[in-house]
Amino acid sequence: MKDYINIDEILKKQKQYFKSQSTKDIRFRIKQLNKLEVAINSYEGKIIEALKNDFNKPEFESYETEIGVILSEIKHAKKNINKWSKPKKIKSSLSSPASKTYLYNQPYGICLIMSPWNYPFQLSISPLIGSIIAGNTSVIKPSELAPNTSRIIKNMIEEYFDEEYIAVIEGEININKYLLNQNFDYIFFTGSPMVGKIVMSAAAKHLTPCTLELGGKSPCIVDKNADIDISAKKIVWGKLLNAGQTCVAPDYIIAHKDIKNNLIDKMIEYINKFYKGNPLESLDYASIINQKHFDRITSLIDYKKVAYGGNYNKENLKIEPTILNNITVDNKVMEEEIFGPIIPILEFDDINDILKIIEVHKSPLALYLFTKDKNLEIDIINKISFGGGCINDTIMHIANTNAPFGGIGSSGIGSYHGKKSFDTFSHQKSVLKSSILIDVSTKYPPYTENNLKILKSLFKFI
Ligand code: NAD
């Protein structure tokens, strides 16, 4: 009850603050970005420690995927915010001669940001950057499943920002539910498709626009003419980063039947090289977030199909990278997003096999293709619907701040990063400025035959 009253008070304060117009000044927004940058730099050690405590996230990965990536996004935003926020003159229409039309960017108001546990810092702060640069106030609800990081986010934001501008609300799912019942001006949600549906139906009650950044089963195709050594190395890295708990991790591999065994051998070689032959004890390899997910992931291991791995450590919740060979779409591991270090290998002979396999979990968040065949590349890009992806790489498409990131269908609605974050958190308002010197009289009643003729020829002309 006390929690709910506190939420009501914060929302009231944020409404007032937004109305004060302070957030609309571009200098104010740049100042907030500078503050956020200072805050992150001063909390760097605490963020890394919290991620270690939550799921043994290696320091290198914490800096790379949670801190560095955010600092570079802030720099990019500071460099470009003046350009992005300027009203843009757009082409006028012949139907209104002597008029000019402009696009103005308008903040929505109060934004709710709900984030998952797997990149708990990055996925709370990256949308926040979008919300700040667009001139909104923000309420962040980090995931309760990464409690140490959630606490650090709260401490950091409280130390540097007033809650009338940015507030962090912690708590269990009842808090998420309470927040979703409030009338926000925008909701930015990152999480599972299942909760995405709950968020969207809550948003519908208030007609609140929302972005849904969801997940799914992202395929990784390896063609017979691909460079097998590089493919194996990049797949193993992309899959085992964060111990497979990455929304854009290659979920399963579809390998050409002629190179499948060679690919598996090379993948095993790289797993051993990266984790010095002992992933379960490696400090460079994260744990699974909790017992529930640990049990879910280990239950996917079909020991008749194990080509590598299969062991786990119940004490530190680590699961060995586990390659499952000769998998088909009917196997249990192919039912849902794995979100862990299990690597099922399916095989294909021609593109029709690939299309059939991917159709089972269509519109994935990411797709990866390793090939030297330009025609296959074009075919895959044109024929398959997916959020985004890479040719001859994994994950790296999301690291480009110039590239929008988001899903399609069950993997999400909307996108962000870089300028797209600014656009996502702004309403683009078209304003026509008309001349008072010229006014076309034919549009006014009473409508005459002649005016109708003029209207028809005008529409043919424009
Ligand atoms: P989740 O959907 O269980 O939880 C996400 C958020 O929703 C959390 O803050 C949680 O507190 C809240 N939540 C959970 N149940 C709720 C309910 N019933 N009502 C209201 N709120 C609820 O997801 P997760 O387990 O934290 O994260 C894993 C999922 O997120 C995977 O599917 C993954 O692919 C996806 N993901 C997507 C992206 C992306 O950028 N597209 C990034 C990371 C993770």
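Whatever order the structure lists ligands and atoms in, that order sets their numbers, starting from 1. Just the heavy atoms: all of them, side chains too, but no hydrogens, waters or symmetry mates, feed the values below.
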Quiz item: Under a 4.0 Å heavy-atom limit, does Val199 contact ligand 1 with its side chain, its backbone, both, or neither?
Solution: neither
Quiz item: Can you check whether Phe348 and His256 have ring centres sitting under 6.0 Å from each other?
Solution: yes
Practice problem: Examine Tyr165 together with Tyr160 and report whether their ring centres are nearer than 6.0 Å. | Solution: no
Quiz item: For Ile327, does its backbone N or O pair with a side-chain atom of Asn331 as donor and acceptor, under 3.5 Å?
Solution: no
Quiz prompt | Qualifying residues under ring-ring contact (aromatic ring centres under 6.0 Å, His included), relative to Tyr275, sequence neighbours excluded | solution = Tyr285
Quiz item: Ser115 to ligand 1: N or O pair under 3.5 Å?
Solution: yes
Exercise. Just need the protein heavy atom nearest to atom 32 (O) of ligand 1, so name the residue and atom and give the distance.
Key: Glu337 OE1, 2.7 Å
Self-check item: Option nearest atom 29 (C) of ligand 1 (shortest heavy-atom distance, choices Gly216, Ser415, Ser192, Ser150)
Solution: Ser192
Quiz item: Just by modelled atom types, is the Glu164 backbone N or O under 3.5 Å from a matching donor or acceptor in the Asp162 side chain?
Solution: no
Quiz item: Nearest to atom 30 (O) of ligand 1 by heavy atom, Ala366, Gly191, Pro116: which?
Solution: Gly191
Exercise. Answer yes or no: is there a donor N or O on one side and an acceptor on the other, between the side chain of Lys239 and the main chain of Ile342, under 3.5 Å?
Key: yes
Quiz item: Do the ring planes of Tyr4 and Tyr178 sit parallel (below 30°), tilted (30 to 60°) or perpendicular (above 60°)?
Solution: parallel
Quiz item: Can Lys233 and Asp229 be counted as an ion pair, charged N to O under 4.0 angstrom?
Solution: no
Practice problem: Run the numbers for me: atoms of ligand 1, each under 4.0 Å from some heavy atom of Gly215, listed by number. | Solution: 34 (O)
Self-check item: Any N/O pair Thr190/ligand 1 closer than 3.5 Å
Solution: no
Quiz item: Which is it for Thr246 and ligand 1 at heavy atoms under 4.0 Å: side chain, backbone, both or neither?
Solution: neither
Quiz prompt | Side-chain ion pair, Lys75 and Glu37, N-O less than 4.0 Å | solution = yes
Quiz item: Got an N/O contact under 3.5 Å between Tyr416 and ligand 1?
Solution: no
Quiz item: Which one holds for Met194 and ligand 1: side chain close, backbone close, both close, or neither close, with close meaning a heavy atom under 4.0 Å?
Solution: neither
Exercise. May I ask you to check whether Tyr368 and Trp237 place their ring centers less than 6.0 Å from one another?
Key: no
Self-check item: Side-chain (Arg296) to main-chain (Ile338) donor-acceptor, under 3.5 angstrom
Solution: yes
Exercise. Would you check the N or O atoms of Phe405, main chain and side chain alike, for any that come under 3.5 Å of an N or O of ligand 1?
Key: no
Quiz item: Applying a 4.0 Å heavy-atom criterion (strictly less than), which segment of Ser411 is in contact with ligand 1: side chain, backbone, both, or neither?
Solution: neither
Quiz item: What are the atoms of ligand 1, with element, lying closer than 4.0 Å to any heavy atom of Ile198?
Solution: 18 (N)
Exercise. Measure the distance from atom 25 (O) of ligand 1 to every protein heavy atom, then report the residue, atom name and distance (to 0.1 Å) of the closest one.
Key: Trp117 NE1, 2.9 Å
Quiz prompt | Check: Ile297 and Pro341 side chains under 4.5 Å, non-hydrogen atoms | solution = yes
Practice problem: Starting from atom 7 (O) of ligand 1, locate the nearest protein heavy atom and write down its residue, its atom name and how far away it is, to 0.1 Å. | Solution: Phe189 CE1, 3.4 Å
Quiz prompt | Protein contact of atom 12 (C) of ligand 1 - nearest heavy atom, named by residue and atom, plus distance | solution = Asn176 ND2, 3.2 Å
Practice problem: Considering heavy atoms of the protein only, find what lies nearest to atom 11 (O) of ligand 1 and give residue, atom and distance to 0.1 Å. | Solution: Glu144 OE1, 2.6 Å
Quiz prompt | Protein contact for atom 4 (O) of ligand 1 (heavy atom, distance under 4.0 Å) | solution = no
Self-check item: Qualifying residues under side-chain contact (heavy atoms from CB on, under 4.5 Å), relative to Ile230, sequence neighbours excluded
Solution: Asp227, Lys234
Practice problem: Just need the protein heavy atom nearest to atom 44 (C) of ligand 1, so name the residue and atom and give the distance. | Solution: Asn118 OD1, 3.4 Å
Practice problem: Mind checking whether Glu213 contacts ligand 1 via backbone (N, CA, C, O), side chain (CB onward), both or neither, at a 4.0 Å heavy-atom cut-off? | Solution: both
Practice problem: Identify, for atom 39 (C) of ligand 1, the protein heavy atom at the shortest distance, and state residue, atom and that distance. | Solution: Cys247 SG, 3.4 Å
Self-check item: Residues Arg151 and Glu170 bridged, charged N to O under 4.0 Å
Solution: yes
Quiz prompt | Tyr119 contact mode with ligand 1 (heavy-atom cut-off under 4.0 Å) | solution = neither
Quiz item: Among Ile175, Ile140, Ile173, which one has a heavy atom closest to atom 19 (N) of ligand 1?
Solution: Ile173
